[in-house]
Amino acid sequence: MIQREQAEKILKTVLQASTADETQVVLQSEDLCQTRFNNNWIHQHLFRETYSVEIKVIHQNRVGIATVNSLDEASLRKGVADAMHNASFVKPNPNLVSLPDPKPIREIDGINLNTLNLSDMDRADLVASMIDVAKVNHVDASGSFSNELRSIAVANSKGVMAYHAGNNLRIRSIMANGLQTGYSEAMATDVRDIDFVAVAKDALWKSKLKAEESLTLELGSYDTIFEPQAVADLIRFPGYIAFQGQSFLDGRSFMAKSMGQQVFDEKVTVYDDAYDARHIPMPMDAEGMPKQKVMIIENGIAKGVVFDHATAVRAGKESTGHATQGRRGGPNPSHLIIAPGQSSIEEMIRNTKRGVYVTRFHYTHCPEPMQVIATGTTRDGTFLIENGEIVARLKNLRYTDSMIRVFANVDSLSKQQYLVKDWWFTFTMLVPAMKIRDFTFTGNTTF
Amino acid sequence: MKDQIQEILALAKRLGATYADVRYTKQMSRPLVMRNGQVDHFTVSEDKGYGIRVIVDGGWGFASTPSHDPKDLEVAVKRAISIAKASARCKIRDIELTPLTPVEDCKKVKVVQDPFKVSVDDMSALLRQCHDAMVQVPEIKVTSGMITMQNMEKTFASSEGSWIEQEITRTGANIEAYARGEGDVQRRSYANGRSAGYETIEMLDLVPRASKLAKEAAELLKAPECPKGRTTLILGGDIAQLQVHESCGHPIELDRVLGSEDTYAGKSFLTPDLYGKGYRYGSDVVNMTADATIEGGNGSFFYDDDGVPAQRTTIVDKGIFKNYLTSRETAGNFGLTSNGTNIAMNWANIPLIRMTNINLEPGDWSEEEMIRDTKEGVLVDTPKSWSLDDKRVNFHFGGEIAYEIKDGEIVRMVKNPAYTAITPEFWGSCDAVAGKEKGEWEVWGNTNCAKGEPVQVVHPGHGAAQVRFRNVKVGVGE
């Protein structure tokens, strides 16, 4: 990882080398350990060290960018020269937005030493503890354990100089009981906050639940209970399609014509808060702007979207600190949170006369962005509920439904929130479990 | 560099590695992105470093570093060894690689016009012409265009004695037009690329396409919704190539079949018990190949990252499943040798089994004959969305545009088409593949194939033409 002092030296080298009207430099580093296992053995195991330095110059209303991954002075100077060279070819854009002025950032200590000091063998031992659960119970364990340490440093010629480093880990577990599977996951900054055996046992429990046979559900609309990782995949679509400033300004977001209006059920409140200690906290974005808490949906009413500097200027607003490096589609939410409700998963099941229980989704997509019509299939534990009890395992199902309609049909939310990622790894989110009325299943799989 | 790499391999062996390889890659890319007629950004990226893979005590270890400093490389070797020993803590058998004769070779993709030497003025002028053509249509509110080029120099060396240098250049483009109407936004787009130089861009004929796409996007605003129900479906080449990618290319990746990708990308319905048993994947007219040797194919290369030469392999022959994509680690499960598809995105990542050019081989129909022969159906083109279950059985695809066919003729444009099916039933219902006429069959460049944890994005190719399926469920939400 690149420490603050070294990072600032690199950033200053770039700024001093540039003769552009304005210059921005973003330095990112990542140390990633990833341990993957399947059929009760570790089959992939790696350490990856990467850096990137993105240099953006604005000169005479022209933008040029260069990215390098070498940190020596000659490479950095070449990067500046390349960016200037690139800018010289570009036609001036009179509407170009200037780089942001510095703003105070409330810093966060993101490094957890317990996680930082995990050795390669420590990781293997933790995975082995999960595989042992599988072996004792005559099932096969698969999963993925990542432990990442990241830093980001941003400076610009208008005085921005910001740095943050942090680490986190995530464990995902699938237990295969023959053809029946169960899934569980956990994510934290401190390795001591994850009970690896408990994660394995949770996946195991689901793999054994009603495992005798899988029924084929008659297609239609059902009251449906979603575990938090499934909720993450449902809110992901509004997240990247509708809750961000670029699509809002382009009119490609349903939020563009709905501000102040009731769009979701009144039980639904969605906001973005990078300082929430239960999340993976982050004080700044890829322009060095401080993260702001943004209320997106409050009691079902559309309240706001997230902005980077350029989209904020165009919208006559302030940046909310949601610039994304390397993503050219504009800003994005970074720390989505769905406010909790009053229920629990057990209570949701008890209160369901006939419905479906979904553990997680696979490969979701959005054929119709304006209405946020999404589709995807369930996996690793889909169950039929009757008269307040799980009565059978179901073959996996395809859903196709509008996420606007889905979040307007919320029956209940759990009191407890969980830190999860969606299947695509787009967002890390803090979300409750959720029960939806009349969720639409449109297809069956054969397993 | 040769001495440095040989020293890494020697150190790995001294530290107990029974196998080691080193991959050095240097990748340059230079995307030019235009948005609404203005250059949004023009970037030059350079990314280089070393990936070191070892087998120790029967377990895999991998470490990568962007540093060229011998001390940092030594640290990386030791880290790879440490990781391999930790992997061996949880093994059920020792890793075994299928035999390979060591190779010394140096190869380079044929490039007529070096894309890195093309003036930015020329590139931006071309994209601006596309924009200008699109905004002639009043309903077009947002346009974008991008020209991409990538050059990768790769050196592979193994403890078995291979030394392979290869240089791959890829060039491509995409253009998009968004039409906005009352409460509706419709997109038309085109994307393609090849393993070749800037001559690719000239072949793509972007400006006339831009004009056509814009008109279609505007027309879609007024078009009725695609009819729902079971009908005959004809896929245009653009969406057929993605259908091949998702419902054939991914399920034949043997690492996925064996469970390596379970937590993320999933497994496959083409389970090992089906191999060599004459399993019917599709109808008699369905023939599929994996061919990394097609000149200009986006998924072409000379050697994979096990050092295995690029090959052409029959995947489906007259509807019968024949072969997986394999690596040196996985091929031995079936008593085979690798067919050379183990590829890493770059130096920083481990190789995984990836698609090369996965092709639906041309048939003996023309598109015109296919339409004329269809009493009732829809012709869908250009993927808008795609979703498959974790064994690639049930899928749902959305297209950007569709045309209703009645009594052998296209009668009207319809919007928001989607279709859903079960993979072997779908390919089993295929009764016509085009390719008879010049230009119908082509190798499309796919620029965004993601797999693995951490996610690696690679660039396969897919030969495809128009293809017809019977009795398919069509319609969003049905």
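From a predicted model like this one, the values you see are computed outputs, not experimental measurements. Chain letters run A, B, ... following the sequence lines, proteins first and then strands; every chain starts at 1.
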Original post:
Which is it for A/Glu368 and B/Lys384 under the side-chain contact (heavy atoms from CB on, under 4.5 Å) test, yes or no, and what are the steps along the way?
Top reply: CA-CA 8 Å; A/Glu368 179 36 63; B/Lys384 186 159 81 171; 3.9 Å; yes
Subject >> Interatomic distance, B/Thr263 atom OG1 to A/Phe37 atom CZ [nearest 0.5 angstrom] >> reply: 8.0 Å
**OP:** Output the distance between atom OH (A/Tyr363) and atom CG (B/Asp390), rounded to the nearest 0.5 Å.
**Re:** 13.0 Å
Subject >> Inter-residue atom distance A/Thr364.OG1 - B/His396.NE2, 0.5 Å rounding >> reply: 12.5 Å
Subject >> Working for side-chain contact (heavy atoms from CB on, under 4.5 Å), residues B/Val455 and A/Trp424 >> reply: CA-CA 10 Å; B/Val455 173; A/Trp424 290 93; over 6 Å; no
Subject >> Trace of the salt bridge (Lys or Arg N to Asp or Glu O under 4.0 Å) decision for B/Arg89 with A/Asp125 >> reply: CA-CA 8 Å; B/Arg89 160 87 172 78; A/Asp125 285 342; 2.7 Å; yes
Original post:
Do the side-chain N and O atoms of B/Ser82 and A/Asp120 include a donor-acceptor pair separated by under 3.5 angstrom?
Top reply: yes
Original post:
Partners of A/Phe425 by ring-ring contact (aromatic ring centres under 6.0 Å, His included), sequence neighbours excluded?
Top reply: B/Tyr264
**OP:** Under 4.5 Å heavy-atom distance to chain A, tell me which part of B/Pro383 shows up: side chain, backbone, both or neither.
**Re:** neither
Original post:
What part of A/Asn396 is in contact with chain B, defined as an atom under 4.5 angstrom from a non-hydrogen atom: side chain, backbone, both or neither?
Top reply: side chain
Original post:
For A/Arg172, is it the side chain, the backbone, both, or neither that has a heavy atom closer than 4.5 Å to a heavy atom of chain B?
Top reply: both
Subject >> Among the listed options B/Leu352, B/Asn349, B/Ile422, the residue most often paired with chain A at heavy-atom distances under 4.5 Å >> reply: B/Asn349
Original post:
What's the spacing between A/Thr378 OG1 and B/Asn394 CG if we round to 0.5 Å?
Top reply: 9.5 Å
Subject >> Straight-line distance of A/Glu49 CD to B/Arg79 CZ, nearest 0.5 Å >> reply: 9.5 Å
Original post:
With A/His59, which residues qualify under ring-ring contact (aromatic ring centres under 6.0 Å, His included), at least two apart?
Top reply: none
Subject >> B/Gln38 portion near chain A, given a 4.5 angstrom heavy-atom threshold >> reply: side chain
**OP:** With rounding to the nearest 0.5 Å, note down the distance linking CZ in A/Arg123 to OG in B/Ser87.
**Re:** 9.0 Å
Original post:
Do you know which of B/Lys141, B/Arg187, B/Arg35 makes salt bridge (charged side-chain N to carboxylate O under 4.0 Å, His left out) with A/Asp250?
Top reply: B/Arg35
Subject >> Under 4.5 Å from any heavy atom of chain A - which part of B/Arg93 >> reply: side chain
Original post:
So, the side chain of A/Asn69 versus the backbone of B/Lys48: is there a donor-acceptor pair under 3.5 Å, distance only?
Top reply: yes
**OP:** Give, as side chain, backbone, both or neither, the part of B/Ala450 having an atom under 4.5 angstrom from any heavy atom of chain A.
**Re:** neither
Original post:
Measuring heavy-atom distances to chain B, does A/Lys78 have an atom under 4.5 Å in its side chain, in its backbone, in both, or in neither?
Top reply: side chain
Original post:
Side chain, backbone, both or neither: which part of A/Arg62 has an atom under 4.5 Å from a heavy atom of chain B?
Top reply: neither
**OP:** Identify the residue among A/Arg36, A/Gln44, A/Arg48 that makes a side chain to side chain contact (heavy atoms under 4.5 Å, CB included) with B/Ile350.
**Re:** A/Gln44
**OP:** Any chance you could lay out the ring pair (Phe, Tyr, Trp, His ring centres under 6.0 Å) test for A/His45 and B/Trp60, step after step, and finish with the verdict?
**Re:** CA-CA 7 Å; A/His45 201 178; B/Trp60 276 122; over 10 Å; no
